[in-house]
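Lettering follows sequence order; numbering is per chain, from 1.
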Protein chains: 2
Amino acid sequence: MPESHKPETAPQPPHESAGVSTLLDTIGLSDFLCFAIYSTSHAFNRVYKPLLDELGLTYPQYLVMVALWAENDQTVGGLGAKIFLESSTLTPLLKRLEALKYVSRRRDSGDERVVRVSLTDEGRALRQRAHDVPRCVLEASGLSETQLRRLQAEITQLRENLHKAGV
Amino acid sequence: MPESHKPETAPQPPHESAGVSTLLDTIGLSDFLCFAIYSTSHAFNRVYKPLLDELGLTYPQYLVMVALWAENDQTVGGLGAKIFLESSTLTPLLKRLEALKYVSRRRDSGDERVVRVSLTDEGRALRQRAHDVPRCVLEASGLSETQLRRLQAEITQLRENLHKAGV
DNA sequence: GAAAAATACATCGCGCTCGATTTAATCGAC
DNA sequence: GTCGATTAAATCGAGCGCGATGTATTTTTC
């Protein structure tokens, strides 16, 4: 717990030529990568919302559907590992998808601890109705597919780093 | 509402040489930029949590404190414009910061509609205790400051694009 | 200067997210 | 086979986030 003794509060002009530690003292919100990610995540959500409203889905529900369209019949834990969500988040979310008739939830007959999540016919059919969603979002992003892929790869790498650090 | 009639569900191998529209049919979660952002946002949160727990703050509360350290005495609306949050989110959050004695909330005497949020002495003092947080997170990110700044700028641009699209 | 419109914040309901804990089933050691 | 440890989901409480709505104050319009 370092106890430096420097002046506080007043909006200081940024020191362009300062070293890292000094920079970290004088930065504002806009300098935080985490804030850029945080706020962009919300911005994506706002773009998705009107598109997903038509399907009756929220964004995390949509992610689950995408995962199931790619591979049907997954466990709660398996979905959580892919989407990085805990069962405490997924269980109620999946119950809502079940209430919407898009998925079914059944205990695995071989291992009664496991719950298997599968697409219903309506869940499968939804894929067609959701067909244009990624294209609409791609357009809203204003990025070329090349830019997008590079950015996607860099951020995914960043996520891996953070996971490793979070041991 | 496009009504194509193609086979569904089974995990198809990605067509490396396919055009955009076909690509969008066969992608999985890992191909979505929005998912990379979404999951990395959560990953950041997990890195921040143990650091902020010591200060009694959540991540969005920390953002408000950062904003106030940069410029004291801001309105609810002004904070919301910077952090991209609605009053429905900020009002209860600010009340919690007030309960923690880090900020005070007062109606503006000139315009009684406005609530001004200011740092308390404890809120100012917290800045010292939070001094190492950005450095810890920077280290966890595993990025050089150069990489970090470039990525931060690109994502901020992306956020601006999404805001424009979301008219 | 009174009525209408706009502004700033607060309230409410719903869903997401997590950590901590609980419950049930399976696996391992013996 | 039984006890203990492990595993998989579910449950609970707290906080975030938003859209819709409400309330009080200000500004605008006439």
Side-chain angles (χ1 to χ4, degrees), chain A residues 34-35 38-50 52-53 55-65 74-81 83-100 103 105-117 163 166, chain B residues 34-35 38-50 52-53 55-65 74-81 83-100 103 105-117 163 166:
Chain A
C34 54
F35 174 64
Y38 166 85
S39 53
T40 304
S41 181
H42 293 164
F44 262 121
N45 220 317
R46 283 177 211 118
V47 170
Y48 267 106
K49 183 150 200 323
L52 296 182
D53 274 350
L55 312 176
L57 295 178
T58 65
Y59 179 65
Q61 288 169 7
Y62 172 69
L63 291 180
V64 168
M65 295 304 292
Q74 298 193 57
T75 66
V76 173
L79 286 168
I83 314 184
F84 303 104
L85 295 177
E86 306 295 320
S87 73
S88 45
T89 302
L90 275 175
T91 296
L93 186 156
L94 291 168
K95 285 183 177 176
R96 280 174 216 115
L97 284 179
E98 188 178 38
L100 288 168
V103 308
R105 296 161 61 246
R106 267 184 254 103
R107 291 278 165 185
D108 187 301
S109 54
D111 184 342
E112 288 282 341
R113 293 172 304 182
V114 171
V115 168
R116 307 200 69 89
V117 182
H163 278 158
Chain B
C34 55
F35 174 64
Y38 165 87
S39 52
T40 304
S41 181
H42 293 162
F44 262 121
N45 220 317
R46 284 177 210 117
V47 170
Y48 267 106
K49 183 149 201 323
L52 296 182
D53 274 352
L55 312 177
L57 295 177
T58 65
Y59 179 66
Q61 288 169 7
Y62 173 70
L63 291 181
V64 169
M65 295 304 293
Q74 299 192 58
T75 68
V76 174
L79 286 169
I83 314 184
F84 304 105
L85 294 177
E86 305 296 320
S87 74
S88 45
T89 302
L90 276 176
T91 295
L93 186 156
L94 291 168
K95 285 183 177 176
R96 281 174 217 116
L97 284 179
E98 190 178 36
L100 288 168
V103 308
R105 295 160 62 244
R106 266 185 255 103
R107 290 278 166 186
D108 187 300
S109 53
D111 183 343
E112 287 283 341
R113 292 171 303 180
V114 172
V115 168
R116 307 201 69 88
V117 182
H163 278 159

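- Shown here are the side-chain contact (heavy atoms from CB on, under 4.5 Å) partners of A:S87, two or more places apart in sequence or in another chain: A:V76, A:T91.
- Less than 4.0 Å separates DNA chain C from at least one heavy atom of each of the following residues of residues 85-92 of chain B: B:S87, B:S88, B:T91.
- Here A:R105 lies in heavy-atom contact (under 4.0 Å) with sugar-phosphate atoms only.
- Closest to the B:P60 side chain, of the nucleotides D:dG17, D:dG15, D:dA10, is D:dG17.
- Rounded to whole angstrom, the span from the CG atom of B:D53 across to the P atom of D:dG15 amounts to 12 Å.
- Looking at residues two or more places apart in sequence or on another chain, you find no salt bridge (Lys or Arg N to Asp or Glu O under 4.0 Å) involving A:R46.
- Here C:dG15 presents its P atom at 18 Å from NE2 of A:H42, a figure rounded to the nearest Å.
- A:K49 has its NZ atom 7 Å from the P atom of D:dG19, to the nearest Å.
- Residues A:C34 and B:Y48 approach most closely at SG-OH, 3.0 Å, considering heavy atoms.
- Rounded to a whole Å, the CG atom of B:L94 is 14 Å from the C1' atom of D:dG15.
- Note that CG of B:L63 and CG of B:L85 are 8.0 Å apart. Values are rounded to the nearest 0.5 Å.
- Taking A:F44 as the reference, nothing meets the ring-ring contact (aromatic ring centres under 6.0 Å, His included) condition, with sequence neighbours excluded.
- Minimum atom distance to the side chain of A:Y38 is reached by D:dG17, of the listed C:dA10, C:dC9, D:dG17.
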Heteroatom pairs (N/O) under 3.5 angstrom, protein to nucleotides 22-28 of chain C:
residue	atom	partner	partner atom	Å
C:dT26	OP1	A:E112	N	3.1

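- Within 4.0 Å of A:R107, counting heavy atoms only, lie sugar-phosphate atoms of the nucleic acid but no base atom.
- In this structure, the CG atom of B:L97 is 18 Å from the P atom of D:dA14, given to the nearest Å.
- Here the closest non-hydrogen pair linking A:R113 and A:R107 is O-NH1, 2.9 Å.
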message: Set out, in order, the CA-CA distance, both residues' side-chain angles and the distance that settles side chain to side chain contact (heavy atoms under 4.5 Å, CB included) for B:L90 and B:V64, then state yes or no.
response: CA-CA 9 Å; B:L90 276 176; B:V64 169; 4.0 Å; yes
field: Trace of the side chain to side chain contact (heavy atoms under 4.5 Å, CB included) decision for B:M65 with B:L97
entry: CA-CA 9 Å; B:M65 295 304 293; B:L97 284 179; 4.2 Å; yes
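- The CD-P distance, from A:Q74 to D:dA9, rounds to 12 Å in whole Å.
- One can place NZ of A:K95 at 15 Å from C1' of C:dG15, the figure rounded to the nearest angstrom.
- Between the P atom of D:dA10 and the CZ atom of A:R116 lies a distance of 14 Å, rounded to the nearest Å.
- Applying the ring-ring contact (aromatic ring centres under 6.0 Å, His included) criterion to A:F84, with sequence neighbours excluded, gives A:H163.
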